[in-house]
Protein chains: 4
Amino acid sequence: MPKLSQEMKDLLTEEMRKRILTAGEKILLRDGLDEFTMEKLAHEAGTAAGTIYNYFDNKETIIDAIMENSFQRLLQTTAGIAAKPQPAESMLRELAEFMLEDFKRVRRLHEAIMQRHPPISREKMRTGHRKLIDGVSQIIRQGRNNGEFNTDDMVLAASAFLGIIREMQFDPCGLFEHKTSRELADAAVAICRSGILGRGREK
Amino acid sequence: MPKLSQEMKDLLTEEMRKRILTAGEKILLRDGLDEFTMEKLAHEAGTAAGTIYNYFDNKETIIDAIMENSFQRLLQTTAGIAAKPQPAESMLRELAEFMLEDFKRVRRLHEAIMQRHPPISREKMRTGHRKLIDGVSQIIRQGRNNGEFNTDDMVLAASAFLGIIREMQFDPCGLFEHKTSRELADAAVAICRSGILGRGREK
Amino acid sequence: MPKLSQEMKDLLTEEMRKRILTAGEKILLRDGLDEFTMEKLAHEAGTAAGTIYNYFDNKETIIDAIMENSFQRLLQTTAGIAAKPQPAESMLRELAEFMLEDFKRVRRLHEAIMQRHPPISREKMRTGHRKLIDGVSQIIRQGRNNGEFNTDDMVLAASAFLGIIREMQFDPCGLFEHKTSRELADAAVAICRSGILGRGREK
Amino acid sequence: MPKLSQEMKDLLTEEMRKRILTAGEKILLRDGLDEFTMEKLAHEAGTAAGTIYNYFDNKETIIDAIMENSFQRLLQTTAGIAAKPQPAESMLRELAEFMLEDFKRVRRLHEAIMQRHPPISREKMRTGHRKLIDGVSQIIRQGRNNGEFNTDDMVLAASAFLGIIREMQFDPCGLFEHKTSRELADAAVAICRSGILGRGREK
DNA sequence: TATGAATGAGGCTTCATTCAT
DNA sequence: CATGAATGAAGCCTCATTCAT
């Protein structure tokens, strides 16, 4: 009984943590960081404010965890994509599409979180971003080893790729609203391949 | 007297508004939005907290105005660059450099401001961004008219360009710290020209 | 079975009460009243917070009981000392030493408890103190009956004696840190005998 | 104007600080530290909670200041008494009376404050107590120089004196309620002179 | 119009106590 | 009876905004 009960308890605890984080993400997405209050979080999670402190030390920890989760999802997907046997270009396309899709969901979350200094630990942001850059760099490196690409600065390339995607999903004016993630991903990869300026002068 | 005095008054008022906005920008740059308090703003502007409310309705309005200013500068620079007789590629390079230089200065400002929901009106953000996209689109269009470029989706191209720049200046991990704005601008334009992936397969 | 089981139960209950009080005293001594939380108490007592409420009505009751215990010990010792056949002065010396020794141990406890209004019932404090005064008065009365002392206001004398001791053990500046309880007890008794001012003018 | 106005402002500020401290002392006296809330303090001082923070950094600072004030009064009186040309014994009597009188007023204040660790800085307590001991020691030293007293341990003597007084004013059972401060002071000094035990054995 | 003290709503967090299991 | 998560009242403190001078 103690063993099983312990496992049970852990499970419930984990469940509750997830519930809180999910609620938090929802608020961040819907209302932004400025309206992320513990009271609101509790309400959204269906508990009392005090209860949350049984699962997290304080507000900052929660924001951190949400951010961490979000990066985790992204990094795992990146790793998964990089592991499949396929041309690097396909990888980038797939990743772009996932990011556009995921970021459509998480757009406001990242918007809300990213540039906030305190109370959000910049460190988490830094390492997360770094890992993401590394993941994309790996893909591009594979592409070079394949003979697909020819870049020598992987980090620069990865950064540009991410910048293009991020701008697409940031899109505060709704310029790309009518395009599907698929189309945008294709466009992004096309740009990566040939530049944004087309080949006007190559003639 | 009434006429002149009125003009005088307006001038003074305008002067005061500027002083407040300048002070606000300074604080945003130095301390971030979270430490932007009205008291601090008053102190930095050399007045009293109450006085500020004679010139602005509330805090949000001030943040809005600062954001507006920042966009204005950028848009004017963009227009200025676009007006000079030179190849479009040079324009982009010049713009990139300015942005990287300016954003180095203003990084925290944009970091702080962008994507914050209330108390920052999303609307201002939206229109500012839209105008910026338009400005860059114009440059690219000129390039196409020149025969320099070959793109048919100006907006997409402009967006990608901005995304690449923004990612470079966001750079939370300091990947590009050791590079000059000049070098980064060159790299950005190179990417725009040939893609981030080089020409591995063109062989 | 009912009878025995009832006794058994009572015994266990009493055991549990003791365990809780001991744990409480330990916390009070170690951490002070401000850090005396029910959770901590439960942990120290090896049970759960909720369980404690099966043995005590609320936090205040527990603090009360601890205080009561502490006084009990002191009173019993006093009675024990007073029962031994010895000069009253020796009794006072012995009592002083015990108090200084005990209070060294319990300093924080008394520091923490004494004079705290709610949640500590002043009543308990009052009666405890009263009994202590009475105990010391008894000793002094014996001394007078012996011909050792000559006071006619026992209560005043007892109060002064206790005040001297308490001040010695309160000693927030560590004035007496380097003295042993024995030495301090001797000094206290000497003062009781001859006054604090010596006999300068008696010459 | 600026000069005068500045003085005016300082005066008002000082006035407000005093009002807050007075209110705080009143609460401490009446309700104890546990019921000393900022809300209550504000109410008692006739302002809003937020206002208080224009005059003090936080709650602890306020408690500190009240304690400091209380010690100040005591120390100044002590110094004043010690400065008057009179026998040391009269000084002690006068001091005892003041303390009993003042402490009657401040009893609960010291009761409330003294043994609390955080949030009350123990340091302030320590230094205050130390100065008090020193002040009384000075008086006793004068007595010895006069030939009035004969003690060689001033600190011990001062400590005992204070202990006797403190016990008298602590008096949780009301043993001395019917006595005037004058009578108690006399009794205290008598004890200091001849000991608490009278001169039973001197015969 | 300038001032800056006053206001008070609202945020985060703690913890005694309850109660379903 | 034991458990310990849930509760929510209450405490401290901040700060945008108002208003008397």
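Every chain is numbered from 1 and lettered A, B, ... according to where its sequence line falls, protein lines coming before strand lines. The structure presented is a predicted model; accordingly, all values stated were derived computationally and were not measured.
- Ionic pairing of Glu44(B) and Arg30(B) is present here: one or more N-O contacts between side-chain nitrogen and carboxylate oxygen are shorter than 4.0 angstrom.
- Phe56(A) has its CZ atom 15 Å from the P atom of dC12(E), to the nearest Å.
- Mapping Asp57(A) and Gly50(B) onto DNA chain E by nearest heavy atom places Gly50(B) at the nucleotide closer to the 5' end.
- Of the candidates dT3(E), dG4(F), dA16(E), dA16(E) carries the atom nearest the Met38(C) side chain, counting heavy atoms from C-beta on.
- Within the structure, every side-chain polar atom (N or O) of Asn54(D) is placed at least 4.0 Å from both OP1 and OP2 of dG4(E).
- Look at Tyr55(C) and you'll find a side-chain N or O under 4.0 angstrom from OP1 or OP2 of dA2(F).
- Rounded to whole Å, atom P of dA9(E) lies 21 Å from atom CG of Asp34(A).
- Heavy-atom neighbours of Gln72(D) CD from other residues, nucleotides or ligands within 6.0 Å: above the threshold of 12.
- Within the shown strands, dA20(F) is the pairing partner of dT3(E) under the Watson-Crick or G-U definition, both distances less than 3.5 Å.
- If you take CD1 of Ile20(B) and P of dA16(F), they are 15 Å apart, rounded to a whole angstrom.
- Rounded to whole Å, the distance from NZ on Lys40(A) to P on dG10(E) is 13 Å.
- Across every strand in view, dT13(E) sits in a pair with dA10(F) that passes the Watson-Crick or G-U test at under 3.5 angstrom.
- Residue Leu41(A) contributes atom CG, which lies 13 Å from atom P of dG11(E) at whole-angstrom precision.
- An OP1 or OP2 oxygen of dT13(E) is reached within less than 4.0 angstrom by no side-chain nitrogen or oxygen of Lys59(A).
- Residue Thr51(A) places at least one side-chain N or O closer than 4.0 Å to OP1 or OP2 of dT7(F).
- Here the shortest heavy-atom pairing between Ala48(A) and Ala42(A) reads C-CB, 3.6 Å.
- Nearest-nucleotide positions on DNA chain E for Tyr53(C) and Gly46(B) put Gly46(B) closer to the 5' end.
- Between Asp64(B) atom CG and dA16(F) atom P there is a gap of 15 Å when expressed in whole angstrom units.
- With DNA chain F read from its 5' end, the first of the two nearest nucleotides for Phe36(D) and Thr47(A) is the one closest to Thr47(A).
- In this structure, the CD1 atom of Ile52(B) is 15 Å from the P atom of dT1(E), given to the nearest Å.
- Looking at Asn58(D) and Thr61(D), their side chains do bring a donor and an acceptor atom within 3.5 Å of each other.
- Atom-to-atom, NZ of Lys9(D) to P of dA2(E) comes out at 16 Å; the value is rounded to the nearest Å.
- Counting non-hydrogen atoms of other residues, nucleotides and ligands closer than 6.0 Å to CD of Glu14(D) gives a total above 12.
- Nearest-nucleotide positions on DNA chain F for Met16(C) and Glu39(A) put Met16(C) closer to the 5' end.
- Neither OP1 nor OP2 of dT1(E) sits under 4.0 Å from any side-chain N or O of Thr13(B).
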